[in-house]
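Naming: A, B, ... by sequence-line order, numbering from 1 per chain.
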Amino acid sequence: MTVFRSKFVAISAIQLICAAVAAAQTPVNPEAEAMALFSKRVAAYVALQKKVESTMPSQKSTGDPERIKAHVAELAERMRSARADAKAGDCFAGASDQFRRIIKEDARERSVRDAFAAMQEVPTRTAPRVNASYPETAALATVPPLILQRLQRLPDGVEYRFMGRDLILRDTKANLIVDVLPGAVPTVSR
Amino acid sequence: MRRFVASIVVGLAAIALTARGDAQSGAPSGVPNLKDSLKFVAIGDNGTGDKPQYDLAEKMNAWRRQFPFELVIMLGDNIYGRQRPQDFIDKFENPYKPLLDAGVKFYAALGNHDSQENRFYKPWNMNGERYYTFSRKNVKFFVLDSDYMDPKQLQWLDHELKTSRDDWKIAYFHHPLYSSGGRHGSEVDLRVTLEPLFVKYGVNAVYSGHDHVYERLKPQKGIYYFVSGSGGQLRPGDLRKSPLTEVGYDAEQTFMLNEIAGDELFFQVISRTGRTVDAGVLPRQPKPKPTDAQR
């Protein structure tokens with residue numbers, strides 16, 4: 001019985017060592033790491049958004065659109081100040097190629113007509129700029145749901161949108177452009 | 001038998017309207033104006049602030065005197081262009097003032113031309129939410145944000161539909177799953193995403209806008225679909241009648257009168273000049289058998 005127990009302990013120890021060695025040798029998936037970093041940056045943005053918003057009276061339903069707009073404008077101004085040094089790539093950097101690939105793969109699976117339809121109302125007149133407001137009169141063009149299912153999930157407070165061929169991260173509370181991924185949408189010809 | 005009779009009524013209405021190649025007055029009357037029924041209006045793509053929107057709003061108000069609807073469902077693009085406070089007055093409050101004064105409640109879905117923060121605008125009863133539900137009598141309305149159908153919203157919808165025990169489930173949102181509009185047409189991505197839930201949980205009717213025409217589609221997988229996107233905007237001649245089309249109209253702006261009484265949904269579509277361009281009655285579909293997950 002003692003012999004059996006000793007053998008069992010020895011085998012378990014070997015198994016543990018092998019598992020530890022295997023874990024140490026498992027290559028880190030650089031793509032997963034890049035996406036995790038993207039999510040971390042977005043989470044940091046949303047944390048800042050919450051912090052800034054907590055210093056203001058909360059947005060509530062009202063019959064006075066002036067108050068609604070004033071809240072958005074005030075929050076935007078405070079977020080701009082808090083991120084005065086923000087630049088394109090602050091969130092997307094490192095994961096840019098993956099985002100482009102996901103969108104390219106999606107486009108490849110669509111018919112040309114469908115691909116055009118998906119981009120039909122995407123605003124093209126204004127080039128997106130970090131910390132600028134999303135243009136008031138531009139349509140908030142639909143992001144196709146099947147693309148949304150493939151892209152990294154976002155927390156409340158930010159969303160993906162397309163502007164021209166660029167993918168942007170948009171602050172849904174302050175109507176601000178948080179980050180820009182240029183040329184995310186592949187060109188499609190008829 | 002009841003369903004058979006109802007189908008004949010709808011069929012005759014469709015024949016009467018399409019046989020002339022255009023909608024005509026004198027079509028079968030749609031809304032019976034029954035006591036204790038739920039009466040509501042559907043408008044989409046209305047917020048232009050232009051004369052046709054005002055004309056149509058006047059017609060809505062005139063109809064309310066004989067058909068006292070209590071709510072208006074807005075199918076998105078509630079305000080076009082600039083969204084300044086004055087635009088809310090010019091493009092919403094003024095045209096619908098008589099209705100608002102009479103206590104009619106508006107429940108809005110967001111369209112691609114609406115600013116998202118407009119969900120905080122109290123007269124639209126969105127309570128700050130992009131998507132929400134509300135109930136009246138035996139009807140539950142599921143109001144969706146089709147501009148951004150992310151996994152979170154889908155999860156929410158799945159839960160809301162699964163737990164609804166209402167007789168009627170009506171979904172409305174801006175982008176149509178089925179449409180013969182030439183400008184946009186069917187939103188296939190959205191259909192792939194939403195239709196399985198609608199079928200699984202027995203959604204009865206779906207209202208959308210986006211294409212600036214009126215279209216009643218042939219039932220798809222047993223669900224009734226309407227496109228009512230000419231509540232202010234209009235694309236004359238844009239309707240490409242297709243095998244999907246039951247009845248369509250694109251010569252004038254329109255709004256829809258709806259009435260749910262027991263197991264029947266009555267509808268009547270009124271044009272800017274007051275013509276009835278479609279009308280009929282649709283029976284409530286049998287509820288789908290609950291799956292294990294729903295029990």
Side-chain angles (χ1 to χ4, degrees), chain A residues 58-76 106 109-111 113-123 133-162 170-175, chain B residues 76-77 79-89 91-93 100 110-130 144-155 173-175 177 179 181 183-195 210:
Chain A
S58 58
Q59 179 78 284
K60 285 183 183 150
S61 290
T62 169
D64 180 4
E66 186 91 57
R67 280 174 58 187
I68 300 169
K69 305 292 166 189
H71 180 95
V72 174
E74 176 68 24
L75 182 58
D106 176 89
E109 289 168 17
R110 291 172 190 274
S111 64
R113 187 184 187 281
D114 190 23
F116 269 109
M119 304 305 289
Q120 196 174 36
E121 299 216 29
V122 169
S133 292
Y134 188 90
E136 185 194 18
T137 54
L140 264 176
T142 309
V143 182
L146 296 180
I147 293 187
L148 285 177
Q149 285 180 11
R150 290 173 162 196
L151 295 176
Q152 189 80 347
R153 283 184 78 159
L154 296 174
D156 285 346
V158 284
E159 63 179 18
Y160 299 108
R161 292 284 173 178
F162 290 110
R170 178 178 166 273
D171 181 326
T172 58
K173 295 180 175 177
N175 191 33
Chain B
D77 286 359
I79 292 189
Y80 281 95
R82 291 199 176 278
Q83 319 257 322
R84 297 163 302 189
Q86 186 61 40
D87 294 298
F88 285 78
I89 295 169
K91 300 169 185 175
F92 177 72
E93 292 174 16
L100 290 164
L110 294 174
N112 53 308
H113 288 279
D114 294 305
S115 290
Q116 281 183 346
E117 67 264 20
N118 294 352
R119 66 189 187 273
F120 291 101
Y121 181 52
K122 211 167 192 171
W124 290 355
N125 290 293
M126 301 177 78
N127 293 318
E129 304 292 344
R130 289 194 297 122
L144 308 182
D145 177 7
S146 58
D147 282 326
Y148 201 78
M149 190 56 64
D150 58 348
K152 190 181 173 196
Q153 185 178 179
L154 284 170
Q155 220 169 357
F173 45 88
H174 189 58
H175 300 81
L177 304 196
S179 167
R183 165 78 174 154
H184 299 297
S186 306
E187 294 281 337
V188 179
D189 253 50
L190 203 59
R191 187 198 303 164
V192 169
T193 315
L194 289 178
E195 191 175 52
H210 201 41

Practice item. Check the angle between the aromatic planes of B:His174 and B:His210 and answer parallel, tilted or perpendicular using the 30° and 60° thresholds. Key: perpendicular
**Study point:** Per-residue contact mode, A:Tyr160 against chain B (heavy atom under 4.5 angstrom)
**Key:** both
Exercise for review: Under 4.5 Å heavy-atom distance to chain B, tell me which part of A:Glu121 shows up: side chain, backbone, both or neither.
Suggested key: side chain
Review point. Is there a side-chain contact between B:His175 and B:Asp147, using heavy atoms and a 4.5 Å cut-off?
Key: yes
Review point. Would a distance-only check, ignoring hydrogens and angles, find a side-chain to backbone donor-acceptor pair under 3.5 Å from A:Lys69 to B:Pro85?
Key: no
Check your understanding: Between B:Lys152 and A:Asp156, does at least one N-O distance fall below 4.0 Å, as a salt bridge requires?
Key -> yes
Study note, to complete from the structure: chain B shares the most heavy-atom pairs under 4.5 Å, among A:Asp64, A:Ile147, A:Val143, with A:Val143
**Study point:** Interchain contact, A:Val72 with chain B, by part (heavy-atom threshold 4.5 Å)
**Key:** side chain
Point to revise | B:Asp114 versus chain A, the contacting section by heavy-atom distance below 4.5 Å | key: backbone
Point to revise | Segment of B:Phe88 engaging chain A (4.5 angstrom heavy-atom cut-off) | key: side chain
Study note, to complete from the structure: When the 4.5 angstrom heavy-atom criterion is applied to B:Glu93 and chain A, the contacting part is side chain
Check your understanding: Which heavy atom of B:Leu177 sits nearest a heavy atom of B:Ser186, and at what distance?
Key -> O-CB, 3.2 Å
Exercise for review: Select one option (side chain, backbone, both, neither) describing which atoms of A:Arg170 are under 4.5 Å from chain B's heavy atoms.
Suggested key: side chain
Review point. Is chain B contacted by the side chain of A:Leu151, its backbone, both, or neither, given a heavy-atom distance below 4.5 Å?
Key: neither
Practice item. Tell me, out of A:Gln59, A:Glu66, A:Gln149, who's got the most heavy-atom pairs with chain B below 4.5 Å. Key: A:Gln59
Exercise for review: Check the pair B:Leu194, B:Glu187 against side chain to side chain contact (heavy atoms under 4.5 Å, CB included), reporting the backbone distance first and the verdict last.
Suggested key: CA-CA 11 Å; B:Leu194 289 178; B:Glu187 294 281 337; over 6 Å; no
Review point. Any chance the side chains of B:Gln83 and B:Asn118 put a donor and an acceptor closer than 3.5 Å?
Key: yes
Review point. Is it the side chain or the backbone of A:Arg67 that comes within 4.5 Å of chain B heavy atoms, both, or neither?
Key: neither
Review point. Side chain, backbone, both or neither: which part of B:Arg84 has an atom under 4.5 Å from a heavy atom of chain A?
Key: both
Point to revise | Winner by heavy-atom pair count (cut-off under 4.5 Å) against chain A, out of B:Val192, B:Asn112, B:Leu110, B:Ile89 | key: B:Asn112
Check your understanding: For the atom pair CZ (A:Arg110) and CG (A:Leu146), what is the distance rounded to the nearest 0.5 Å?
Key -> 6.0 Å
Review point. Quick one: does A:Arg161's side chain have a donor or acceptor within less than 3.5 Å of a partner on A:Leu140's backbone?
Key: yes
